[in-house]
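Each remark here refers to the structure printed beneath this line.
Worth knowing before you read on, the calculation uses all heavy atoms, side chains too, and leaves out hydrogens, waters and symmetry mates.
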Amino acid sequence: MKTLKTQSGIKGIPLLKDNICWIWFSGENVVVVDPPETKPIQTWLESEALTVVAILQTHHHADHIGGTQGLLKKWPKAEVVAAKADRHRIPFQTLSVKDRDEISLLGRRIKVIDVAGHTNAHVAYYLPKSKKEPCEPVLFCGDTLFGGGCGRIFEGTADEMYLALKRLSALPEETKVYCAHEYTQANLLWAQSLYPDDHLIEKRLELVSLLRSKGSLSLPSTISLEKKTNLFIRAKTKREFETLRIHKDNWNG
């Protein structure tokens, strides 16, 4: 049987109330995405004798960068990739990126996508399809796109968030979507309250509810699944999107 150190893949570690820190590993090396805290991540990595070579930051919120500096104390050579526009809020970044930049980690090409809206310097990281594992296209989208939902608009505008979601929904449909929070069940309950006869939403909600009842993550999703069941992705106009976002912000279901 293969040990973890001879494999490649992506593991999700649930942290805090509903955060998910994604650990992308290849052999003994790993890339950590949006670590909210240090200890649980470091404990798991050390138990598997893995080495952090890079940390991807999608935006500056504390529940996404809170564990980074602690991890750097253990792995000081790790690159910290973050938006150049957020250098003042992520000052420990070592590799500053902007929209359409390309970098390489663990033998995979990574494209940077500007997805401002949740914050005004939010980026996503897209790994195109590859012969190297994980071979399918991968998206680390932080708090822009969620399972069945999208992030709240704190610093940006509804127009920016609508555009960001359009950019992400244009990615290949088989793209695996690795969101930073486990919000899928709540998002689908909201969607079902608006569209009680939508069988695609109903079917997905049933599956997600089963997974969550067993303590399993509902993620990753796919772009294809979001296009079918995510009301924000399905919105045909900016006005429709903004109406949905306001409704969800005030929903108490």
Side-chain angles (χ1 to χ4, degrees), residues 3-5 7-99 101-116 118-127 132 134 138-144 151 154-155 178-182 219:
T3 64
L4 188 60
K5 289 193 294 182
Q7 297 178 341
S8 297
I10 300 174
K11 174 182 174 61
I13 300 180
L15 296 169
L16 304 181
K17 182 181 178 181
D18 47 42
N19 281 73
I20 306 171
C21 179
W22 297 105
I23 310 293
W24 166 28
F25 58 92
S26 181
E28 297 181 358
N29 296 323
V30 306
V31 173
V32 180
V33 184
D34 282 348
E37 54 183 334
T38 301
K39 188 175 180 180
I41 300 169
Q42 182 173 332
T43 298
W44 183 80
L45 292 172
E46 289 179 334
S47 73
E48 298 290 344
L50 298 172
T51 299
V52 178
V53 298
I55 299 170
L56 299 180
Q57 307 279 197
T58 61
H59 63 295
H60 76 282
H61 284 163
D63 62 330
H64 292 256
I65 68 173
T68 299
Q69 290 176 290
L71 293 175
L72 290 175
K73 290 180 180 179
K74 172 65 178 178
W75 293 282
K77 295 183 180 179
E79 291 272 23
V80 179
V81 186
K84 183 178 182 179
D86 237 355
R87 178 171 285 281
H88 61 298
R89 298 190 293 195
I90 311 178
F92 43 84
Q93 60 181 274
T94 60
L95 181 56
S96 303
V97 295
K98 61 184 184 304
D99 186 42
D101 279 353
E102 292 193 13
I103 62 174
S104 179
L105 291 171
L106 303 185
R108 290 287 301 266
R109 186 163 56 102
I110 303 173
K111 296 183 176 182
V112 180
I113 306 173
D114 181 351
V115 287
H118 179 65
T119 66
N120 58 23
H122 197 304
V123 294
Y125 300 96
Y126 172 65
L127 287 62
K132 186 177 178 66
V138 166
L139 175 68
F140 296 114
C141 52
D143 285 1
T144 298
F154 289 130
E155 297 178 352
Y178 291 87
C179 317
H181 288 274
E182 180 56 81
L219 302 162

Quiz item: Which distance, rounded to the nearest 0.5 Å, do you find between the CD1 of I113 and the OG1 of T58?
Solution: 12.5 Å
Self-check item: With sequence neighbours excluded, residues passing ring pair (Phe, Tyr, Trp, His ring centres under 6.0 Å) with W75
Solution: none
Quiz item: Is the side chain of N19 donor-acceptor paired with the backbone N or O of C21 at a distance under 3.5 Å, no angle test?
Solution: no
Quiz item: When you measure from the side chain of D114 to the backbone N and O of D99, does any donor-acceptor pair fall under 3.5 Å?
Solution: no
Quiz item: Rounded to the nearest 0.5 Å, how far apart are CG of L95 and CG of L56?
Solution: 9.5 Å
Quiz item: What distance do K132 atom NZ and L106 atom CG have between them, rounded to the nearest 0.5 Å?
Solution: 7.5 Å
Exercise. Flag the pair T68 / I90 as yes when at least one side-chain heavy-atom distance between them is below 4.5 Å, and no otherwise.
Key: no
Quiz item: For G142 and D34, which heavy atoms make the closest approach, and how far apart are they?
Solution: CA-OD2, 3.9 Å
Quiz prompt | Non-hydrogen side-chain atoms of R87 and S96 separated by less than 4.5 Å | solution = yes
Quiz prompt | Exam field: side chain T43 to backbone P40, donor-acceptor pair closer than 3.5 Å | solution = no
Quiz item: Are the side chains of V31 and V53 in touch, meaning some heavy atoms are under 4.5 Å apart?
Solution: yes
Self-check item: Whether H64 and H59 hold their rings parallel, tilted or perpendicular, with breakpoints at 30° and 60°
Solution: tilted
Quiz item: So, the side chain of W22 versus the backbone of C179: is there a donor-acceptor pair under 3.5 Å, distance only?
Solution: yes
Practice problem: Grab the two heavy atoms, one from T38 and one from G67, that are nearest each other, plus how far apart they are. | Solution: OG1-O, 2.9 Å
Practice problem: Can you measure from CD1 (I23) to CD1 (I41) and round to the nearest 0.5 angstrom? | Solution: 5.5 Å
Self-check item: Heavy-atom check, side chain of I55 versus side chain of P35, under 4.5 Å
Solution: yes
Quiz item: Taking only residues two or more places apart in sequence, or in another chain, which ones meet Y125 in a ring pair (Phe, Tyr, Trp, His ring centres under 6.0 Å)?
Solution: none
Quiz prompt | Under 3.5 Å donor-acceptor, N29 side chain and S26 backbone | solution = no
Quiz item: Are any of the side-chain heavy atoms of H61 and T119 separated by less than 4.5 Å?
Solution: yes
In a table with atom names and distances, give each donor-acceptor pair under 3.5 Å that connects a side chain of residues 76-85 to protein atoms at least two apart or in another chain.
| residue | atom | partner | partner atom | Å |
| --- | --- | --- | --- | --- |
| E79 | OE1 | T94 | OG1 | 2.5 |

Quiz item: Tell me, do D63 and H181 make a side-chain contact under 4.5 Å, heavy atoms counted?
Solution: yes
Practice problem: Can you see which heavy atom on K11 is nearest to which on W44, and at what distance? | Solution: CD-CZ2, 3.1 Å
Quiz prompt | Check: Q57 and F92 side chains under 4.5 Å, non-hydrogen atoms | solution = yes
Self-check item: Spatial distance of atom OH (Y178) from atom CD1 (I20) [nearest 0.5 Å]
Solution: 11.0 Å
Practice problem: Decide yes or no for H88 and D86: does some side-chain heavy atom of the first lie under 4.5 Å from some side-chain heavy atom of the second? | Solution: yes
Quiz item: Can you tell me how far CG of L71 sits from CD of Q42, rounded to the nearest 0.5 angstrom?
Solution: 6.5 Å
